[in-house]
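Taking it in order: structure first as C-alpha cells, then the write-up.
Everything quoted here is computed from the prediction, not taken from an experiment.
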Amino acid sequence: VIRGRGKLVSAGSVELDSGDIIEGKKIIISTGSSPMKLPGIEPDGQKILSSRDLLGMDKLPPSLLVIGGGVIGSEFASIFNALGSDVTVVEMLPSLVAGEMDRVSKYLRMFFRKKGIKVYLGSRVESMEKNDKGVVALLDDGTEIKSESVLLSVGRTPNIDDIGLDRVGIEYEKSGIIVNRRMETNIKGVYAAGDVVGGWLLAHVATREGLTASENALGEGREIDYSLVPSTVYTMPEIAHVGINPEEAESEGIRFSTGQFPFSANGKALGMDEADGFVSWLAEKDSGRLIGLHIIGPNATELVSIGTVAIEAGMTAGQFESVIFPHPTLGEALFEAAEDINSKSVHIL
C-alpha cells in the first residue's frame, strides 16, 4: 500500500505526487465519488456541510436543514432526528427517495412528519446567508428556514478530474468512466470500478464491480449483471427493494398483481415495538412469477435478500408461499404478502 495521489501517465504506469512512477501490467481505477455541490452554495465545513463533514462533527446541532431528500439526505434526516436535532428537509422533486415506489415514498414522508421532521417537497433553495446563529435559507416560494447547520445532499459526482484520463485517452462522460460488462475501459489493460463508473452508486454494487475487474485483470472471463440489484436505504424505518415497481411495470406494459402485508400484523415486529411499514410483492399476472419486492419497515435491508434470491430463481408466488418460514420472524411478512397476491393470507382482512 502506497499512500499518495496518483495520475495515469500511460496504460501501464501511474505517477505519484512525490514524482515516483509505479508500473503494472493491469490498472484498476476506483477513485470513487464526492458530494455534488450546488451553484452559489459552497460547503465550509462549519455551518454548511457535506455528508463527509457531517460524519466528522464533534457536537450535535440543535437544528439541521437537509437540502436534498434522496437516499443520503433522508438517512441523515432520520439519524439526526433520532439524536434530538430539529430537522427540516427540502427536496426539489415531488417525493422523498424518488427511486422507490410511490407508496413507499409517501409512507416515509408520513413517518417523517410523525417524528417531527418538517418536509418541503417540490421546493428549491434560492439563497442562503450565514450569520452568528447559523444559516438562513430562502425557498423559491418565499419560505424562510433558520437552522444552525445545513447539510448539502444533492447527489454525488465521480472523481474523474486530474487523474490522467485525457492523457491516456480513456473515454469518459460527466457521469463517469465508460466501461463494458468486464469493467474494461477502451484502453487495453485499464479497468474501472465503483462510483467512478457511475450507474448504481451503491457499496455492494461497487464491491461486485471491483471483484469483476480484479478477476478479469487476472485472466478470468467474468461479466457483471445489473439486472437484479437490491437497493437499500438506512432511514428509520429502513427501506429496500429489488426488481421493478408498479409504475415501471405499467410503463413497460407488464400485467401484474400485487400482494401486501403490514408489519402491524406480524408478531415479531410487534414484539420488537417496530410495527410501522409493510411488504409489497409484484408478480406477473399470467405466470405468477415474482418480479418485484418492496419493503419499508424493520430490517428491510436484511429481508430484501430473500426476495433477491426468489426473483433470481424465477419463483412464482405459489412456490414462495409454500416455503415454511419460522415463527415468530419478520420474514413471515414476505410469505404472507406473497399469499395476499392470491388472497390467501389469513392474518389480514
Which atom pair, heavy atoms only, marks the closest approach of [X] to [Y]?
X	Y	result
Asn266	Thr329	ND2-O, 3.0 Å
Lys174	Pro158	O-CG, 3.5 Å
Ser74	Val97	OG-CG1, 3.9 Å

*Heavy-atom donor-acceptor pair, Thr185 side chain to Val190 backbone, under 3.5 Å*: yes
*Please answer whether the main-chain N or O of Ile244 pairs with a side-chain N or O of His294 as donor and acceptor at a distance below 3.5 Å.*
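Answer holds: yes.
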*asked:* So for atom CD, which belongs to Glu247, do other residues, nucleotides or ligands contribute more than 12 heavy atoms lying within a distance under 6.0 Å?
replied: yes
*Verify the neighbour count for atom NE2 of His204: are there more than 12 heavy atoms of other residues, nucleotides or ligands below 6.0 Å?*
yes
*Could you walk me through whether Leu334 and Leu293 pass side chain to side chain contact (heavy atoms under 4.5 Å, CB included), step by step?*
CA-CA 9 Å; Leu334 272 70; Leu293 173 65; 4.0 Å; yes
*Please test Ile160 against Ile177 for side chain to side chain contact (heavy atoms under 4.5 Å, CB included), starting from the C-alpha separation and ending with a verdict.*
CA-CA 8 Å; Ile160 56 177; Ile177 296 173; 4.0 Å; yes
*Basic-acidic side-chain contact under 4.0 Å: Arg289, Glu284*: yes
*Are Lys118 and Asp86 close enough for a salt bridge, meaning some N to O gap below 4.0 Å?*
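Salt bridge: yes.
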_Below 30° counts as parallel, above 60° as perpendicular, anything between as tilted: where do the rings of Phe76 and Phe80 land?_
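Tilted.
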*Should the pair Phe335 and Phe325 be assigned to parallel (<30°), tilted (30 to 60°) or perpendicular (>60°) ring geometry?*
parallel
